[in-house]
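What follows is a set of notes on a single structure, which appears directly below.
What you are looking at is a predicted structure, and each value in this text was computed from that prediction instead of being measured. Numbers here are sequence positions counted from 1.
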Amino acid sequence: MSTHTSENRPTARYSVLSSAKEIADTLRETAIERDLKGGTALAERQLLRESGLLNTIIPTALGGLGEDWKTMLQIVQLFSQVDSSIGHLYGFQHLILATIDLFGTEKQRDHYYKKTVDEKLFWGNALNPLDKGTTAVIDTDGNYRFNGKKGFSSGSSDSDMLLVSGFLNDKITIGMTPSAAEGIDIKNDWNNFGQRQTDSGTVIFDNLILKKEQILLDPGPLGNVRATLRSCLAQLILIYIYIGIAEGALQEAKNYTVVQTRAWHTAGVNTPQEDPYILANYGNLWLSLQTSLSLAKQAAETFQQQWNMHDKITIKQRGKVALDIALAKVQAIRTGLEITNKMFDVTGSRATNGSARLDRYWRNLRTHSLHDPVDYKIKELGEWFLNDKIPEPGFYS
């Protein structure tokens with residue numbers, strides 16, 4: 001792409017975002033067709049692989065782009081405006097990279113970050129901490145053997161590396177392995193009505209062997225305050241997927257209204273742009289979106305500030321991150337569902353034609369917003385307001 005250096009990576013921050021916008025424009029061309037088809041997004045993942053954007057947050061000293069989390073989240077948002085499956089895959093690539101940093105040693109981080117850059121690796125996720133169907137044992141040679149299966153393994157198909165987990169004596173154990181390793185069977189069985197190209201099917205482990213250096217033990221999963229930022233980042237990525245979907249839906253509704261929609265015959269106006277009810281609906285939807293954007297930006301800023309604290313972050317500061325994220329997530333879901341539902345009130349009956357597939361925005365948001373119950377985020381906010389209690393760190397808070 002024109003904004004890349006000879007090493008095939010963007011030269012500065014403006015070029016990183018420019019590259020992302022170019023890719024988003026390319027994704028837009030086939031988004032409807034691919035939503036209908038489902039299956040894996042192999043060609044689109046290859047586009048990301050060659051762009052260098054899989055290395056967005058990897059430090060420049062290790063060959064990456066050295067961007068901050070706010071920039072990465074902007075790119076999730078950009079992709080999700082046109083194709084939230086790709087926004088999901090891109091975001092989870094960086095969630096996995098963050099997991100290696102937060103749960104493992106500096107040596108592990110540097111090794112896998114450099115390997116990711118040098119080999120243009122795409123990571124898949126087979127962690128799913130709530131799924132206890134996978135066990136891990138340590139054999140006589142000190143190796144870890146994983147057996148069982150994981151559902152909702154986002155990005156597993158067509159991946160080069162997998163983040164995996166199993167329960168060792170009721171304690172979650174997380175490791176890293178090539179996706180093609182012996183003992184891994186990746187099923188292309190993802191068939192949900194939304195997020196149709198996130199490759200989030202089932203992964204089966206049959207005596208998968210990982211060496212100790214492939215296991216994230218220091219400090220380990222949620223092993224210290226800094227490590228608990230992993231779940232905050234996961235929630236932030238979801239928020240920016242939802243925001244992107246809402247923006248994309250509202251923009252497409254606007255385009256449809258201007259070109260296709262007719263003024264109602266009793267409105268007394270010639271165009272839908274003059275219809276007072278259509279104007280009021282758009283005003284309310286735009287207002288909701290601006291509120292969500294503001295809260296999301298604040299949450300991302302708080303997260304970045306505390307990430308920059310490194311090991312100096314306190315549990316109270318971490319709690320402020322979680323509260324800002326809970327607030328932004330609740331609002332993002334409410335706004336997204338409002339827009340993806342009400343958009344048909346401002347576009348009219350013709351907008352339900354199957355060729356437009358405007359329903360994909362609602363299907364994608366509805367599918368993804370069930371990742372973990374939003375009611376528990378509202379409960380966290382109530383606990384803070386009424387009882388001055390910050391959220392307890394976990395894999396989902």
Side-chain angles (χ1 to χ4, degrees), residues 3-5 7-21 23-24 45 47-80 86-125 127 154-155 159-161 163 174 176 216 226-241 244 296-297 299-311 313 321 325:
T3 52
H4 292 176
T5 69
E7 295 181 343
N8 197 33
R9 67 172 184 257
T11 57
R13 181 178 181 277
Y14 75 90
S15 295
V16 173
L17 293 175
S18 295
S19 294
K21 288 174 182 176
I23 291 175
R45 294 178 73 155
L47 188 63
L48 284 181
R49 193 192 304 274
E50 295 302 323
S51 74
L53 292 176
L54 295 181
N55 311 319
T56 299
I57 59 90
I58 294 177
T60 55
L62 299 174
L65 303 181
E67 296 294 338
D68 61 15
W69 289 111
K70 292 186 292 183
T71 300
M72 189 281 295
L73 291 166
Q74 281 184 269
I75 297 173
V76 171
Q77 181 181 355
L78 273 172
F79 290 163
S80 297
I86 305 303
H88 178 135
L89 292 171
Y90 171 82
F92 273 50
Q93 164 85 0
H94 293 88
L95 175 61
I96 293 169
L97 293 174
T99 305
I100 298 170
D101 184 1
L102 294 171
F103 291 178
T105 64
E106 185 176 335
K107 181 178 179 181
Q108 286 176 314
R109 181 201 65 187
D110 289 357
H111 170 76
Y112 283 102
Y113 278 17
K114 289 179 68 176
K115 186 177 177 69
T116 296
V117 173
D118 293 343
E119 301 178 25
K120 300 179 181 179
L121 299 180
F122 218 127
W123 288 77
N125 179 59
L127 195 161
S154 296
S159 64
D160 305 296
M161 296 287 294
L163 190 71
I174 297 174
M176 304 156 291
L216 299 172
R226 180 174 181 270
T228 66
L229 286 176
R230 193 262 183 194
S231 51
C232 293
L233 178 60
Q235 295 292 311
L236 260 179
I237 290 169
L238 302 185
I239 291 167
Y240 273 81
I241 292 172
K297 289 177 182 177
E301 180 65 37
T302 304
F303 177 85
Q304 185 68 60
Q305 290 172 358
Q306 300 313 322
W307 179 274
N308 293 344
M309 293 289 291
H310 301 288
D311 290 332
I313 183 174
V321 177
I325 287 172

Q. Rounded to the nearest 0.5 Å, how far does CD1 of Ile100 lie from CG of Leu95?
A. 10.5 Å

Q.
Could you tell me if the side chain of Leu17 sits less than 4.5 Å from the side chain of Gln74, heavy atoms only?
A. yes

**Q.** Least distance between heavy atoms, Ala98 atom then Tyr113 atom
**A.** N-OH, 4.0 Å

Q: May I ask you to test the Leu229-Trp69 pair for a side-chain heavy-atom distance under 4.5 Å?
A: no

**Q.** Side-chain donor/acceptor of Tyr240 to backbone N/O of Ala296, under 3.5 Å
**A.** yes

Q: Hey, could you give me the CD1/CG distance between Ile23 and Leu78, rounded to the nearest 0.5 Å?
A: 10.5 Å

Q) How far apart are the C-alpha atoms of Leu54 and Lys120, what are their side-chain angles, what is the distance that settles it, and do they pass the side chain to side chain contact (heavy atoms under 4.5 Å, CB included) test? A) CA-CA 8 Å; Leu54 295 181; Lys120 300 179 181 179; 5.8 Å; no

**Q.** Backbone of Leu121 reached by a side-chain donor or acceptor of Gln93 within 3.5 Å
**A.** yes

Q. Measuring from His94:NE2 to Thr99:OG1, what's the distance to the nearest 0.5 Å?
A. 12.0 Å

Q | Contact summary for Ser154 and His88, nearest pair of heavy atoms | A | OG-NE2, 2.9 Å

**Q.** Separation between OG1 of Thr71 and CG of Leu65, rounded to the nearest 0.5 Å
**A.** 10.0 Å

Q: Determine, stepwise, if the pair Asn55 / Leu62 fulfils side chain to side chain contact (heavy atoms under 4.5 Å, CB included).
A: CA-CA 10 Å; Asn55 311 319; Leu62 299 174; over 6 Å; no

(Q) So Trp123 and Met176, do their side chains get closer than 4.5 Å, heavy atoms only? (A) yes

Q) With a 4.5 Å limit on heavy-atom distance, are the side chains of Leu238 and Gln235 in contact? A) yes

Q | Side-chain touch Ile57/Leu97, heavy atoms, less than 4.5 angstrom | A | yes

Q) Do you know which two heavy atoms are closest between Ala300 and Leu73, and how far apart they sit? A) CB-CD1, 3.9 Å

Q: Please determine if Arg230 and Asp101 form a salt bridge, counting it only when a charged side-chain N lies under 4.0 Å from a carboxylate O.
A: no

(Q) To the nearest 0.5 Å, what is the distance between NZ on Lys70 and CG on Leu236? (A) 12.0 Å

Q: First locate atom CD1 of Ile75, then atom OG1 of Thr56, and finally report the distance between them rounded to the nearest 0.5 Å.
A: 4.5 Å

Q: Would you mind reporting whether Ile325 and Ile239 have side-chain heavy atoms less than 4.5 Å apart?
A: yes

Q.
I'd like to know whether Met72 forms a side chain to side chain contact (heavy atoms under 4.5 Å, CB included) with Leu233, so could you lay out the CA-CA distance, the side-chain angles of the two residues, the decisive distance to 0.1 Å, and finally the verdict.
A. CA-CA 11 Å; Met72 189 281 295; Leu233 178 60; 4.3 Å; yes

Q: Show your working on side chain to side chain contact (heavy atoms under 4.5 Å, CB included) between Leu102 and Trp307 and close with a plain yes or no.
A: CA-CA 10 Å; Leu102 294 171; Trp307 179 274; 3.6 Å; yes

Q: Answer whether the closest heavy-atom distance between the side chains of Leu89 and Phe79 falls below 4.5 Å.
A: no

**Q.** Distance-minimising heavy-atom pair for Leu216 and Leu163
**A.** CD1-CD1, 4.2 Å

(Q) How close do Leu53 and Tyr90 get, counting heavy atoms only, and between which atoms? (A) O-CE1, 3.2 Å

Q | Residue pair Phe122 / Arg49: nearest heavy atoms and the distance that separates them | A | N-NH1, 3.7 Å

Q. Under 3.5 Å, is there a donor-acceptor pair between the side chain of Ser80 and the main chain of Gln77?
A. no

